[in-house]
Amino acid sequence: MSTAPEPPVRSDFIREIVAADRAAGKHGGRVVTRFPPEPNGYLHIGHAKSICLNFGIANEQPGGICHLRMDDTNPTTEDPEYVQAIQEDVRWLGFDWRDKMFFASDYFERLYDFAVVLIKKGLAYVDSLTADEMRRYRGTLTEPGQPSPHRTRSIEENLDLFRRMRAGEFADGTHVLRAKIDMASPNINLRDPVLYRIRHVAHYRTGTSWCMYPSYDFAHPLSDAIEGITHSICTLEFEDHRPLYDWVVEQCETPRRPQQIEFARLNVTFTVMSKRKLLDLVERKLVNGWDDPRLPTLKGLRRRGFTPEALRAFCEAIGVAKRDATVEMQLLEHFVREDLNKRAPRVMAVLRPLRLVIENYPDGQVEQLEAVNNPEDASAGTRRIPFSRVLYIDQEDFKEDPPKQFFRLAPGREVRLRYAYIITCIGVVKDPNTGEITELRCTYDPETKSGGAQAQRKVKATIHWVSAAHAVDAEIRLYENLLLTDPAKIPADQDWTQHLNPRSLERLPSCKVEPGLASIAPGTSVQFERVGYFCADPDSKPNQLVFNRTVTLKDAWAKLEKAQTPR
RNA sequence: UGGGGGAUCGUCUAGCGGUAGGACGCCAGCCUUUGGAGCUGGCUACCUAGGUUCGAUUCCUAGUCCCCCAGCCA
């Protein structure tokens with residue numbers, strides 16, 4: 001398979017390094033990257049940035065390839081369910097690892113051998129301090145650490161102890177294997193980091209073959225080296241692990257020496273990205289599972305109606321750099337709108353129905369009116385929608401006492417019904433007890449039918465509608481920001497969930513949508529004209545459709561209204 | 001107060017000694033049978049102070065501020 005490399009749309013400091021390395025013949029001119037998630041949670045949009053970067057770079061280079069590797073060195077939190085989900089998400093995003101799917105757990109035996117090499121070189125030792133003691137010996141940010149009393153164990157004793165650790169002779173926490181580097185290093189990562197810890201826990205892939213597991217700092221660089229990774233791209237917090245990364249590949253004398261490069265992770269306003277917080281939301285049932293459309297998980301975004309194209313365009317637009325950055329949610333929304341505007345068929349849906357009767361329209365008459373499916377795409381064609389005497393319009397499109405600049409329906413006013421007629425409101429029916437408006441009485445002008453003689457007449461507004469007798473029932477779920485505050489601005493001593501937006505989900509159970517939608521497949525995106533982009537939810541049933549609002553349309557009136565009513 | 005990083009429009013991001021550019025956002029207007037889309041115009045930035053230089057966002061010096069690190073997590 002020799003697909004031509006894709007030209008990079010824009011460059012960044014990492015692509016510059018890769019290009020320079022390639023030009024200089026470093027790594028034999030090869031470019032091999034990897035995306036190395038730990039299968040202990042679901043992927044989110046921050047991972048998407050990393051996926052787009054790693055696969056993007058590989059795809060741009062002749063012969064370049066990106067591996068998918070499960071960094072599964074901690075059996076206590078990992079699960080095959082996540083492995084499955086991660087693969088689905090990466091594929092859904094549009095990337096292909098071909099046959100390069102790997103597991104760090106497949107390297108356990110080789111990793112063990114590397115550890116033995118280190119011990120034999122006098123560069124690793126078995127320590128028997130408790131976790132607490134080890135912490136005290138480590139020193140602090142400003143004070144050097146002290147050597148463990150076990151630091152001087154003989155190579156023979158270390159070899160023996162390490163073998164017995166593997167054999168299962170010791171309980172959890174009684175011994176660890178540590179690198180022997182420098183307890184006085186100003187870089188705390190170099191103060192004899194732990195390489196192996198005992199955990200009598202079954203691993204989801206290796207079962208009970210092992211009762212000790214390598215740490216990230218040991219397994220990661222070696223996994224990269226084993227796979228021949230050339231550029232090991234990770235986030236900023238690993239920057240001061242790089243000397244350790246280099247030490248491990250150097251001292252283990254691996255034939256290949258990958259190079260670690262760090263970039264700033266993605267933050268997005270009004271949402272959370274940390275695994276801990278996401279898990280918190282799911283476990284405390286503050287959201288409805290990992291695919292809750294309010295979550296920035298890829299599963300959540302997919303269910304919400306975000307497309308892979310939009311996500312990739314977003315990841316490209318945000319760039320790659322080293323400074324901490326928080327991208328505005330509006331940028332993400334911009335890219336879904338841009339994508340869906342080109343592709344989503346237009347349909348009409350009424351979210352909060354208000355009954356409207358056209359007094360001079362013949363009772364029992366039904367017309368099939370022609371409507372354009374997508375003004376941005378002529379090939380999408382047209383469809384027929386039924387029109388009759390009794391309709392529903394959205395409550396928002398009528399005001400008994402319209403404010404300035406409100407162009408829609410009001411007593412005595414006329415508006416166009418999209419693809420239909422111009423109507424005039426001649427009466428308002430109210431519930432005698434509550435005063436609530438229950439029905440609008442209108443007349444229509446038969447000459448103003450769409451495409452007809454008077455159709456060109458200018459009116460201030462066009463509103464959407466559905467025919468009451470023909471409409472299909474639907475539940476529509478509206479979403480807003482998960483948080484009211486940017487997580488970065490929440491004080492650390494505060495429970496961040498206090499800042500959750502109580503209106504992040506609003507269910508509208510009694511919506512009416514046009515009949516053509518009756519058999520829409522879950523996952524399909526449409527535009528509800530004048531309202532927003534929506535995606536059919538898997539909860540949909542034949543006579544009870546469910547839609548998720550992906551994003552609103554830009555709304556000039558909402559902005560005006562907000563400006564007019566100072567709080 | 002140790003070490004590692006980073007500071008450019010409101011937000012991301014470009015710049016590699018020679019007029020500070022792009023995207024989102026915002027504002028104004030045009031257009032419109034979606035107050036959508038589209039189009040036009042506009043808005044706002046080099047952390048500070050010195051120095052080198054004909055010329056500094058870029059190089060040097062000294063500060064300031066922000067982020068990360070004291071897991072047997074990754």
Side-chain angles (χ1 to χ4, degrees), chain A residues 10-12 16 36-38 40 71 73-74 76-77 127 129-131 134-136 138-145 172-178 185-191 193-199 212-213 215-217 219-220 234-243 262 264 266 269 275 314 317-335 337-338 341-342 346 348 372 375-376 405-408 415-420 422 448 450-451 455-464 488 527-532 552-560:
Chain A
R10 65 182 289 177
S11 194
D12 53 67
E16 278 176 18
E38 185 189 12
N40 68 349
D71 211 353
T73 57
N74 183 1
T76 55
T77 56
D127 199 357
L129 255 25
T130 65
M134 207 185 286
R135 190 178 329 116
R136 286 198 294 272
R138 187 152 36 225
T140 68
L141 293 179
T142 51
E143 300 161 292
D172 287 8
T174 53
H175 304 280
V176 292
L177 185 74
R178 300 179 73 176
S185 173
N187 180 346
I188 290 177
N189 296 297
L190 263 18
R191 318 238 263 231
V194 169
L195 268 23
Y196 270 88
R197 70 283 211 200
I198 299 172
R199 286 247 207 295
M212 65 177 189
Y213 295 90
S215 65
Y216 168 87
D217 283 316
H220 202 89
C234 64
T235 43
L236 251 28
E237 68 268 28
F238 294 105
E239 210 154 16
D240 48 19
H241 290 239
R242 193 181 342 126
E262 311 85 11
L266 170 66
T269 54
K275 271 183 185 173
F314 171 77
I318 59 177
V320 178
K322 293 192 75 157
R323 86 181 77 142
D324 295 318
T326 301
V327 176
E328 290 176 337
M329 187 60 94
Q330 293 166 115
L331 187 64
L332 216 204
E333 294 181 344
H334 162 79
F335 284 105
R337 286 196 187 100
E338 185 178 72
N341 177 48
K342 290 180 296 195
R346 272 58 169 175
M348 292 198 282
V372 172
E376 304 292 319
Q405 313 248 41
F406 183 86
F407 301 148
R408 283 109 94 151
V415 296
R416 168 171 294 284
L417 294 175
R418 180 81 158 149
Y419 296 123
I422 293 174
T448 59
S450 226
Q456 300 313 310
R457 215 173 84 207
K458 295 291 176 204
V459 288
K460 284 261 197 162
T462 297
I463 65 172
H464 57 94
Q527 183 195 99
F528 290 163
E529 291 217 36
R530 305 207 307 128
V531 181
T552 61
L553 249 29
K554 284 209 266 183
D555 188 347
W557 165 244
K559 209 177 264 184
L560 262 175

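So that the names make sense, note that chain A is the first sequence line, chain B the second, and so on, each numbered from 1.
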(request) Check whether any side-chain N or O of R191(A) sits under 4.0 Å from OP1 or OP2 of rG3(B), and answer yes or no. (result) no
(request) Look at K322(A) and rA7(B) and indicate whether a side-chain polar atom (N or O) is within less than 4.0 Å of OP1 or OP2. (result) no
Quick one: look up who [N] pairs with, Watson-Crick or G-U, both distances under 3.5 Å, and put none if it's unpaired.
{"N": "rA7(B)", "answer": "rU64(B)"}
{"N": "rC16(B)", "answer": "none"}
{"N": "rG2(B)", "answer": "rC69(B)"}
{"N": "rU53(B)", "answer": "none"}
{"N": "rG41(B)", "answer": "rC27(B)"}
{"N": "rU32(B)", "answer": "none"}

Please report the distance separating the [atom1] of [N] from the corresponding atom of [M], rounded so that it comes out in whole Å.
{"N": "rG4(B)", "M": "rG63(B)", "atom1": "P", "value": "16 Å"}
{"N": "rG17(B)", "M": "rG35(B)", "atom1": "C1'", "value": "50 Å"}
{"N": "rU57(B)", "M": "rG2(B)", "atom1": "C1'", "value": "31 Å"}
{"N": "rU44(B)", "M": "rG22(B)", "atom1": "C1'", "value": "15 Å"}
{"N": "rA70(B)", "M": "rC9(B)", "atom1": "P", "value": "31 Å"}
{"N": "rG10(B)", "M": "rC26(B)", "atom1": "C1'", "value": "9 Å"}
{"N": "rC54(B)", "M": "rC47(B)", "atom1": "C1'", "value": "27 Å"}

(message) Nearest 0.5 Å, please: how far is OG1 in T235(A) from NZ in K322(A)?
(response) 11.5 Å
Nearest-Å distance, [atom1] ([X]) to [atom2] ([N])?
{"X": "K460(A)", "N": "rG35(B)", "atom1": "NZ", "atom2": "P", "result": "13 Å"}
{"X": "R323(A)", "N": "rU57(B)", "atom1": "CZ", "atom2": "C1'", "result": "12 Å"}
{"X": "H241(A)", "N": "rA70(B)", "atom1": "NE2", "atom2": "P", "result": "7 Å"}
{"X": "E262(A)", "N": "rG6(B)", "atom1": "CD", "atom2": "C1'", "result": "13 Å"}
{"X": "M134(A)", "N": "rC73(B)", "atom1": "CE", "atom2": "P", "result": "10 Å"}
{"X": "L331(A)", "N": "rG10(B)", "atom1": "CG", "atom2": "C1'", "result": "13 Å"}
{"X": "D217(A)", "N": "rA70(B)", "atom1": "CG", "atom2": "P", "result": "11 Å"}
{"X": "L553(A)", "N": "rU34(B)", "atom1": "CG", "atom2": "P", "result": "12 Å"}

(request) Between L236(A) and K458(A), just flag the one whose closest nucleotide in RNA chain B comes earlier from the 5' side. (result) L236(A)
(message) Please compare R135(A) and A325(A) by the position of their nearest nucleotide in RNA chain B and report the one closer to 5'.
(response) A325(A)
(message) Does P243(A) reach a base, just sugar-phosphate, or nothing at all? Heavy atoms under 4.0 Å.
(response) nothing
With hydrogens left out and only the distance checked, is there a donor-acceptor pair under 3.5 Å joining [X]'s side chain and the base of [N]?
{"X": "Q527(A)", "N": "rU34(B)", "result": "yes"}
{"X": "E376(A)", "N": "rG36(B)", "result": "yes"}
{"X": "S450(A)", "N": "rU33(B)", "result": "yes"}
{"X": "R346(A)", "N": "rU34(B)", "result": "yes"}
{"X": "R416(A)", "N": "rU33(B)", "result": "yes"}
{"X": "E529(A)", "N": "rG36(B)", "result": "no"}
{"X": "Q330(A)", "N": "rC26(B)", "result": "no"}
{"X": "D324(A)", "N": "rG6(B)", "result": "no"}

(message) Between R416(A) and A455(A) (side chain of the first, backbone of the second, donor and acceptor by atom type, cut-off under 3.5 Å), is there such a pair?
(response) yes
